[in-house]
Amino acid sequence: MSKSNVELSRRHFLKCAVIAGISVYLAPLYSRAFDVLFEEKILQSPDWNPVDKQIKFRIDGFAKVQGEKVFARDIRARDIPHWPKQQGHAFLLRVTQADKIYQGFNLDLLKDGLMPDRIVTASDLEKDGVAFPEFYGDDLLLPEGKTPAYLGQAVALLIYHDFAKFRFAKETLKFRDDVIQYGAVTGPLERDPWGTYRGVRIGNENPYEPDIYSSLKDMPISPIGMKKHLPVWPEGREGGKLDQQGMLYADELAKQLENPPEDWLVLKRKYFSQSIDTAALEPDNANGWYDAKTQSFHLVIPTQSPQEVAESLPEMLAKSHFPIKQIFLHPCFTVGYGSKDHTPFPYYGAMATLYGDGVPIRLANDRYEQFQSTIKRHAFDMDYTLAVNKKTHKIEALSASFIGDGGGRCNFTPSVVMVGATGAQAIYYIPRSDLSAVGIASRAVDAGSARGYGTLQAMAATDMLMEEAAKLLKVDPIEFRLKNIIKSGMKNTQGAIPGGAIRADEVLTRCAAHPMWTDRAKRKADFEAKHSGKLFGTGISCVQKDFGTGAESSFARVELTPEGKIAIYHSGAEIGTGMSTSQSVVCAKWLGKPAEQAHFSVVDWSILPMISTGNPFAMSQDEQNHLAQNPLWTPNYCSPASASNSAYYFTHSTEAAARLIFEHGLWPAAMSIWQEGIGGGQAAPLVVRREDARWVAEGLTADGLEVLSLPRLIERTFAMGGVTGAVCHVFNRWQWAEADFPIQGETRRLPIDGLSLRFADKEYQVCHREKAYYPDTQRNDAGVTYYSAVATVSELSIDKATGQVELLNHHSVVECGNLIVPQLVSGQIQGGLAMGIGHALHEYLPLYEDGPGNGTWNFNRYHLPLASDVAVWQQTNEVLPGLSDTDPPKGVAEVVMIPVVSSIVNAIADATGHHFLHLPVRAKDILEVIS
């Protein structure tokens with residue numbers, strides 16, 4: 001057996017921390033450290049044009065298209081130095097029924113030497129102390145004698161040291177109903193909801209004045225208990241506690257909606273949005289080796305949340321009876337759409353690793369297994385009551401309740417249904433609202449952090465409702481939307497004022513100016529005249545979606561090398577969005593060019609040893625004030641790559657670090673050069689201001705001074721002992737935390753909460769903050785304050801004989817601040833549109849016994865949209881220019897998929913006269929209304 005990685009040098013591994021008595025080491029992305037990846041040209045240094053300040057290729061682009069092993073799924077034991085070269089394999093047995101007692105399994109079909117080398121069951125795990133981390137609940141493997149909590153629940157692990165035996169055995173057992181044994185019928189488990197939310201807002205007649213009641217001003221409302229697994233809300237009471245006062249307003253609103261004034265139009269509609277698969281390019285997988293001799297544990301995983309795995313895995317392993325001193329974790333580039341954020345799969349991979357008997361074990365889903373087990377988008381049942389004034393055409397009130405099916409494990413269901421409810425207002429100002437949500441526990445496959453995070457379901461429904469309301473009122477749908485649009489300084493349904501200018505009106509107006517919309521009547525008449533067997537429809541929709549979670553945090557380390565290069569280390573993970581490229585480019589704003597060396601999924605931040613205790617979402621103000629006295633405390637240590645957080649939140653930490661290097665390193669170096677010589681040098685005759693500094697193609701200039709090349713500046717910075725490296729930690733609770741830091745004899749208030757600096761080539765020094773200014777914990781109730789707006793207009797035809805929809809064309813207008821890398825934004829727009837089109841017309845998973853949990857689903861049954869389904873050659877889009885060059889970039893990954901859903905359904909209504917209330921809208925549904 002080869003030597004363990006324990007003997008590798010620090011060049012190849014970074015020690016992260018000691019957690020639960022186990023030393024944790026990290027090799028990001030691959031089995032070799034990042035410097036090797038760049039040296040061997042697996043990743044590309046940025047191809048940067050200093051004139052137009054654009055990058056030509058993603059730094060991982062060549063590696064991906066040429067098949068380099070940057071994804072965890074491609075890596076085998078032989079690819080990793082110091083691992084044994086023998087590769088073992090494993091697969092899980094899963095239940096396909098969840099209403100009967102599980103009584104074991106039968107492997108009699110495995111003849112001719114196909115029995116596994118090792119079988120692992122719940123009894124083995126109990127004996128060896130192996131269990132899920134707390135977040136994932138009970139039963140890593142289901143014990144005999146229990147009713148499964150959900151379809152597809154794992155009951156046993158079969159391990160093989162030989163690939164051929166593994167392959168034949170897996171094929172032999174696939175799709176067999178006689179492998180898993182069941183006993184008495186118990187019915188599905190009945191459990192209380194995973195989470196609930198209710199927010200009531202009663203605004204003043206003047207929307208800019210303080211609210212009468214709102215979540216932010218007062219409090220959101222929590223249930224006082226459960227009855228028949230549904231929440232029991234407090235009793236409304238005048239002069240009672242805050243939640244009772246809120247319920248009193250909710251009760252009064254409900255009564256008014258039941259008996260509205262004569263000048264109100266009240267619409268009551270029930271919408272449904274289906275469960276879908278995230279369909280990530282890379283199915284879940286893990287590859288691990290446990291070396292009992294050296295007590296070292298090695299695991300290769302794809303994950304959006306490497307920090308979570310780095311913290312939870314050692315706690316899981318420390319509780320086991322397997323002796324482990326070191327963990328070597330290899331997070332890789334991946335694609336997730338939320339499905340690899342806090343997914344249980346790494347822990348199944350860890351379990352397989354422990355029982356490999358010294359052989360590296362690869363556990364990797366095929367597509368059937370991926371459908372059967374990976375995180376899904378929540379199915380939503382939505383009950384809306386909307387009141388609009390018939391005279392003014394303004395919204396009077398909205399009451400809506402949402403039921404999200406969270407499946408068999410909790411995951412992020414509580415926050416998904418909350419975000420869905422808080423996002424239901426879409427682009428509209430709603431003066432009075434009562435929005436509630438319940439995330440139920442069911443026997444469905446787990447639902448979690450899928451792209452859209454509850455807002456696709458709610459926002460699409462809201463805009464479909466607004467479209468129908470406009471038609472009932474006989475008003476122009478664009479004018480109706482604009483009359484009700486939220487404006488800058490107005491409050492959302494939680495009572496919070498969104499950050500910055502609200503530009504949804506500009507986005508909608510720009511989209512409505514497209515010929516598809518302005519000429520829609522003529523285009524419809526011309527098309528139907530030429531195609532007698534088809535109907536033609538045009539639809540438009542506009543939404544704005546939040547980005548972030550309310551507890552966003554990240555680390556960024558930017559540094560100069562003596563050789564004149566720039567390096568970046570970031571806690572964010574690359575999940576296919578191109579953040580590794582964009583964060584490299586962010587450095588150029590302050591340092592003149594992108595970072596040549598980029599390191600991501602970094603979890604070793606020992607040079608800035610921040611600590612986090614307490615729950616940032618459930619922390620009192622007093623608790624925060626007390627904990628913040630520790631200059632290295634932060635409410636949240638590190639965020640996963642999710643919630644469209646890279647462009648804005650990850651950029652903030654990167655830019656803060658790069659800016660400090662400029663201000664305390666490169667700028668003083670530049671001034672020392674410009675001031676050289678008699679009488680103060682070339683700078684003396686001029687007025688030189690730091691804010692006038694500009695990077696041009698050849699280097700740095702300001703106020704007409706000589707252009708200085710970056711290598712020259714870096715050389716002088718090192719010679720002067722200036723700042724050559726900065727590590728920043730940032731935290732955002734719907735506004736940025738700030739702190740006072742002593743830097744070179746001066747106290748500076750910076751929008752960060754942790755800082756470490758390197759001067760010249762010395763070691764990093766932690767700058768202990770003097771005082772921290774954290775956003776009030778009350779801002780947790782703001783729900784959201786950051787928004788990006790997108791509008792989409794769609795044209796489609798419907799075959800009268802078949803009901804088949806053909807999407808002919810669509811155009812989108814996007815507002816997302818200033819772009820870091822325009823090509824990456826273009827990719828997000830195109831990919832998001834395709835996902836939205838699939839959700840509107842094609843993608844659908846039954847929730848229960850006939851759904852993916854039965855193990856028979858694949859893309860032969862699941863219609864993922866193809867190029868022909870998305871009008872790939874006709875579609876266009878445009879990005880609204882920023883208000884100025886100081887606009888920050890905004891999160892755009894999720895929002896682009898939402899308005900295309902409602903614009904398609906609105907276009908179907910335009911063609912057929914029928915407003916569909918459920919998704920997807922399929923041919924058979926259309927035939928029922930046009931026949």
Side-chain angles (χ1 to χ4, degrees), residues 28-29 34 46 55 58-60 303-308 331 333-334 336 338 340-341 449 499 546-559 566-591 594-595 597-603 605 608 610 634 636-660 726-737 750-755 786 788 816-821 824-825 827-828 887-895:
L29 178 70
F34 264 92
I55 194 168
R58 295 172 59 134
I59 65 174
D60 59 343
T303 177
Q304 294 176 231
S305 44
Q307 188 67 46
E308 182 264 335
F333 279 13
T334 189
K340 292 188 178 73
D341 181 7
S449 168
D546 67 288
F547 51 95
T549 64
E552 291 292 345
S553 58
S554 65
F555 288 91
R557 168 184 164 196
V558 178
E559 62 187 28
I566 304 167
I568 179 174
Y569 300 75
H570 206 287
S571 58
E574 174 61 81
I575 60 171
T577 60
M579 68 83 67
S580 54
T581 300
S582 66
Q583 293 308 299
S584 300
V585 170
V586 166
C587 296
K589 176 179 178 179
W590 293 100
L591 306 182
Q597 297 180 2
H599 310 240
F600 295 92
S601 293
V602 176
V603 298
W605 297 103
L608 180 55
M610 304 294 289
T634 182
N636 191 36
Y637 188 77
C638 187
S639 295
S642 61
S644 300
N645 61 5
S646 66
Y648 182 70
Y649 297 98
F650 288 175
T651 293
H652 184 76
S653 54
T654 301
E655 187 170 338
R659 182 174 188 154
L660 284 166
V727 186
C728 293
H729 183 271
V730 300
F731 174 77
N732 181 289
R733 185 185 286 122
W734 306 120
Q735 73 181 71
W736 290 108
L750 301 172
I752 62 178
D753 67 340
L755 176 63
Y786 300 104
S788 297
C816 57
N818 286 316
L819 310 186
I820 304 171
V821 182
L824 293 176
V825 176
Q828 288 296 321
D887 286 18
K890 295 183 177 182
V892 72
E894 293 182 294
V895 64

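It should be emphasised that the depicted structure is a prediction, and the values quoted were computed from it without experimental measurement.
A donor-acceptor pair under 3.5 Å links the side-chain atoms of S644 to the main chain of E894, judged by distance alone. Under the 3.5 Å distance criterion, the side-chain polar atoms of E655 are left unmatched by any main-chain donor or acceptor of V586. Between the side chain of H652 and the main chain of P751, a donor-acceptor pair closer than 3.5 Å is present. Counting only distance, with no hydrogens or angles, the side chain of H570 and the backbone of Q583 share no donor-acceptor pair below 3.5 Å. For the pair E574 (side chain) and S580 (backbone), a donor-acceptor distance under 3.5 Å is present. Put simply, the side chain of S788 gets close to the backbone of G891: a donor and an acceptor are under 3.5 Å apart. A donor-acceptor distance shorter than 3.5 angstrom exists from the side chain of T581 to the backbone of I59, with no hydrogens or angles considered. Counting only distance, with no hydrogens or angles, the side chain of N645 and the backbone of S642 share a donor-acceptor pair below 3.5 Å. Put simply, the side chain of D887 never gets that close to the backbone of N818: no donor and acceptor are under 3.5 Å apart. Using a distance-only test at 3.5 Å, with no hydrogens or angles considered, a donor-acceptor pair links the side chain of S553 to the main chain of N636.
Residues F555 and Y637 place their aromatic rings such that the two centres sit under 6.0 Å apart.
In this structure, Y569 and H599 have parallel ring planes: the angle between them is below the 30° cut-off, well short of the 60° mark.
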For a side chain to side chain contact (heavy atoms under 4.5 Å, CB included) check, start with the C-alpha distance between V558 and W590, then their side-chain angles and the critical distance, and finish with the verdict.
CA-CA 11 Å; V558 178; W590 293 100; over 6 Å; no
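A donor and an acceptor atom, one from each side chain of Y786 and N732, are located under 3.5 Å apart.
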